[in-house]
Amino acid sequence: MVQKLDNLAETPSQTAGPYVHIGLMPTHAGNPGSFATEIATDPITGPVSGEVIEITGAVFDGTGWAIRDAMIESWQCDGAGLFPGQPGADPGVSGHCRFAIDGETGDFTLRTVKPGASAGRGGTVSAPHVSLWIVARGINIGLNTRIYFPDEDNSADPLLARIEQRPRVDTLIAQKLGPGRYRFDIRLQGAGETVFLDL
Amino acid sequence: MTDPAAKSPAPQGPLIPRNPALHPVPLDPDYKTSVTRAPALPLLSMESTPSEETGPTFGHTPIGVLDNNLILNWSRGAAPAVGERILVHGRILDETGRPVPDTLVEIWQANAGGRYRHVKDSYFAPLDPNFGGCGRVLTGADGSYEFLTIRPGAYPWPNRANDWRPMHIHFSVYGHSFGQRLITQMYFQGDPLIDHCPIAATIRDRAQLDRLVAPLDFARARPLDFLAYKFDIVLRGRRQTMFENKIEGM
């Protein structure tokens with residue numbers, strides 16, 4: 001006999017369903033008033049060091065339809081590569097944002113500061129990226145992915161380096177539309193399917 | 001509004017890899033919407049990085065005194081919501097059994113008739129003018145939380161011709177790192193609709209599904225006022241970092 005391994009198991013996920021916004025973005029859902037303040041409405045909460053950028057995009061299902069009911073959360077470091085809470089991090093960067101897909105157009109918009117390269121374990125450096133977490137009706141466990149930038153050096157990024165099918169790297173890199181403006185589309189399934197993370 | 005100055009978490013190790021067998025299958029033909037929304041390709045395996053090991057903190061987030069009271073928070077106390085009054089309480093732990101303090105727990109749910117306050121919900125049941133359907137609270141030092149609410153009604157939904165959702169409350173939980181993020185649903189002990197629900201059935205392991213079914217808890221009920229249900233949630237754990245200062249590595 002051995003000692004009992006008494007670690008606990010993670011609680012199973014369930015879909016956020018079609019009405020996730022009434023709980024997490026009540027004002028967006030047309031129900032302001034349950035709370036005096038809402039959380040994570042803006043990833044930048046004051047003056048910031050670095051470039052303020054705007055990323056627009058859509059989330060397509062396996063039929064090519066831009067779905068209308070997803071909620072996305074982003075998390076990122078500041079312009080110098082420091083995450084909120086780390087010593088010296090930019091106090092104007094909360095790093096966290098909730099945003100919804102427009103129910104009419106199918107597009108989302110994230111206005112934020114362009115993240116810097118961030119240090120990882122063992123001397124690794126990640127290229128600038130924004131982490132995303134996507135929930136919606138029909139998504140049984142939230143999907144993690146990242147937005148990288150075409151005007152940065154992504155050649156040594158540890159995550160991108162793990163992608164064996166090199167054309168799939170492109171699914172994680174935004175298109176540049178103009179100064180400070182990017183497009184990032186997410187494909188849940190099928191041709192051009194976005195790389196999602198098992199971490 | 002996330003407060004970056006709130007309690008900066010102590011450095012911790014990588015996340016313990018997620019065990020997909022504990023979770024729902026991504027694609028289940030009986031839950032029709034999942035058929036076109038589940039990734040078809042394998043997810044990319046990776047060890048967590050600071051992007052997943054750090055996360056938003058909520059220690060200084062202004063939480064109102066009624067934010068976890070769904071009976072009163074929509075009407076601002078002017079009139080209570082209609083329905084069977086219940087207390088839902090529990091603890092947030094991680095996989096190593098440690099409590100998760102100072103983290104945000106948010107819930108949303110249908111009203112007593114089974115209708116959500118949402119423009120797309122067209123079920124016949126009336127909207128309750130005194131019920132908004134969402135609440136939030138920060139966990140205490142021991143990871144505990146509680147909500148006062150009304151028992152949500154079951155309702156039919158467009159999937160197969162006659163599918164019904166069991167009574168349920170949606171839970172959104174953060175933990176202390178972005179990689180611990182979890183949305184799940186709490187079901188109620190004794191509800192026969194759980195065994196007929198295609199969404200509940202996306203969890204193949206019955207023992208795992210049973211962990212989402214909250215038991216009736218008379219110890220926390222208040223006589224002549226409300227019944228109570230207990231719902232504990234386990235988030236992902238972190239590995240130790242004790243060898244990180246060994247330059248030569250392990």
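Everything quoted here is computed from the prediction, not taken from an experiment. In what follows, every chain begins at residue 1, and chains take the letters A, B, ... in the order their sequences are listed.
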Salt bridge (charged side-chain N to carboxylate O under 4.0 Å, His left out) assessment of B:Lys32 paired with B:Asp163: CA-CA 11 Å; B:Lys32 292 179 180 174; B:Asp163 275 329; over 6 Å; no
Which atoms of [X] approach chain B - backbone, side chain, both or neither, heavy atom under 4.5 Å:
{"X": "A:Ala89", "answer": "neither"}
{"X": "A:Glu73", "answer": "both"}
{"X": "A:Ala36", "answer": "backbone"}
{"X": "A:Pro18", "answer": "backbone"}
{"X": "A:Leu172", "answer": "neither"}

Are [X] and [Y] close enough that their ring centers fall under 6.0 Å?
{"X": "A:Tyr19", "Y": "B:Tyr116", "answer": "yes"}
{"X": "A:His96", "Y": "B:Tyr174", "answer": "yes"}
{"X": "B:Phe58", "Y": "B:His176", "answer": "no"}
{"X": "B:Trp157", "Y": "B:Tyr31", "answer": "yes"}

Answer yes if the side chains of [X] and [Y] hold a donor-acceptor pair under 3.5 Å, and no otherwise.
{"X": "B:Thr184", "Y": "A:Gln14", "result": "no"}
{"X": "B:Gln208", "Y": "B:His23", "result": "no"}
{"X": "B:Trp108", "Y": "B:Ser172", "result": "no"}

Just how far is it from atom [atom1] of [X] to atom [atom2] of [Y], taken to the nearest 0.5 Å?
{"X": "B:Leu43", "Y": "A:Asn144", "atom1": "CG", "atom2": "CG", "value": "9.0 Å"}
{"X": "B:Ile16", "Y": "A:Glu10", "atom1": "CD1", "atom2": "CD", "value": "10.0 Å"}
{"X": "B:Asp67", "Y": "A:Thr37", "atom1": "CG", "atom2": "OG1", "value": "7.0 Å"}
{"X": "B:Leu44", "Y": "A:Thr194", "atom1": "CG", "atom2": "OG1", "value": "12.5 Å"}
{"X": "B:Met186", "Y": "B:Ile169", "atom1": "CE", "atom2": "CD1", "value": "4.5 Å"}
{"X": "B:Ile71", "Y": "B:Asp128", "atom1": "CD1", "atom2": "CG", "value": "10.5 Å"}

Under 3.5 Å: donor-acceptor pair, side chain of A:Ser94, backbone of A:Asp42: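 It does hold such a pair.
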Count the heavy-atom pairs under 4.5 Å between each of [options] and chain A, then report the option with the highest count.
{"options": "B:Ser34, B:Pro20, B:Pro39", "answer": "B:Pro39"}
{"options": "B:Gln180, B:Arg117, B:Arg165, B:His170", "answer": "B:Arg117"}
{"options": "B:Gly64, B:Ser51, B:Gly132, B:Pro50", "answer": "B:Ser51"}
{"options": "B:Val25, B:Leu182, B:Asp121, B:Leu41", "answer": "B:Leu41"}
{"options": "B:Leu235, B:Thr96, B:Ile199, B:Thr49", "answer": "B:Ile199"}
{"options": "B:Glu52, B:Arg211, B:Lys120", "answer": "B:Arg211"}

Which residues from [range] are near chain B, with near meaning under 4.5 Å between non-hydrogen atoms?
{"range": "residues 58-70 of chain A", "result": "A:Asp61, A:Gly62, A:Thr63, A:Ile67, A:Asp69"}
{"range": "residues 154-170 of chain A", "result": "A:Leu159, A:Arg162, A:Ile163, A:Arg168"}
{"range": "residues 180-189 of chain A", "result": "A:Leu188, A:Gln189"}
{"range": "residues 98-110 of chain A", "result": "A:Arg98"}

pair A:Ser13-B:Pro24: side-chain heavy atoms closer than 4.5 Å: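 Yes, close enough: below the 4.5 Å cut-off.
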Residue, of A:Val20, A:Asn7, A:Ile139, A:Asp6, that accumulates the most heavy atom pairs under 4.5 Å with chain B: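 Counting heavy-atom pairs under 4.5 Å, the top option is A:Val20.
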Contact winner vs chain B - A:Leu24, A:Ile141, A:Val135, heavy-atom pairs under 4.5 Å: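 Ranked by contacts with chain B, first place is A:Leu24.
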Stepwise side-chain contact (heavy atoms from CB on, under 4.5 Å) check, A:Ser131 with B:Phe178: CA-CA 9 Å; A:Ser131 294; B:Phe178 196 59; 4.0 Å; yes
Is the [X] ring parallel, tilted or perpendicular to the [Y] ring (thresholds 30°, 60°)?
{"X": "B:His168", "Y": "B:Tyr155", "value": "tilted"}
{"X": "A:Tyr148", "Y": "A:His129", "value": "tilted"}
{"X": "A:His21", "Y": "B:His118", "value": "tilted"}

Stepwise side-chain contact (heavy atoms from CB on, under 4.5 Å) check, A:Phe35 with B:Cys134: CA-CA 9 Å; A:Phe35 310 132; B:Cys134 65; 3.8 Å; yes
Under-4.0 Å salt bridge between A:Asp78 and A:Lys114: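 Judged by the 4.0 Å cut-off on N to carboxylate O distance, A:Asp78 and A:Lys114 do not form a salt bridge.
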Salt-bridge present (B:Glu95, B:Arg18; N to O < 4.0 Å):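 The answer is no: the pair does not qualify as a salt bridge.
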Axial cation check for A:Phe149 ring with A:Lys176, 6.0 Å and 45° limits: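 Geometry flag: not set, cation outside 6.0 Å or 45°.
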Please flag which part of [X] lies under 4.5 Å from any non-hydrogen atom of chain A: side chain, backbone, both or neither.
{"X": "B:Leu22", "answer": "both"}
{"X": "B:Gln185", "answer": "both"}
{"X": "B:Thr202", "answer": "side chain"}
{"X": "B:Leu104", "answer": "side chain"}
{"X": "B:Leu93", "answer": "side chain"}
{"X": "B:Arg76", "answer": "side chain"}

Residues B:Tyr187, B:Leu209; criterion side-chain contact (heavy atoms from CB on, under 4.5 Å); working and verdict: CA-CA 9 Å; B:Tyr187 301 103; B:Leu209 174 57; 4.2 Å; yes
Working for side-chain contact (heavy atoms from CB on, under 4.5 Å), residues A:Thr11 and B:Phe171: CA-CA 11 Å; A:Thr11 296; B:Phe171 272 74; over 6 Å; no
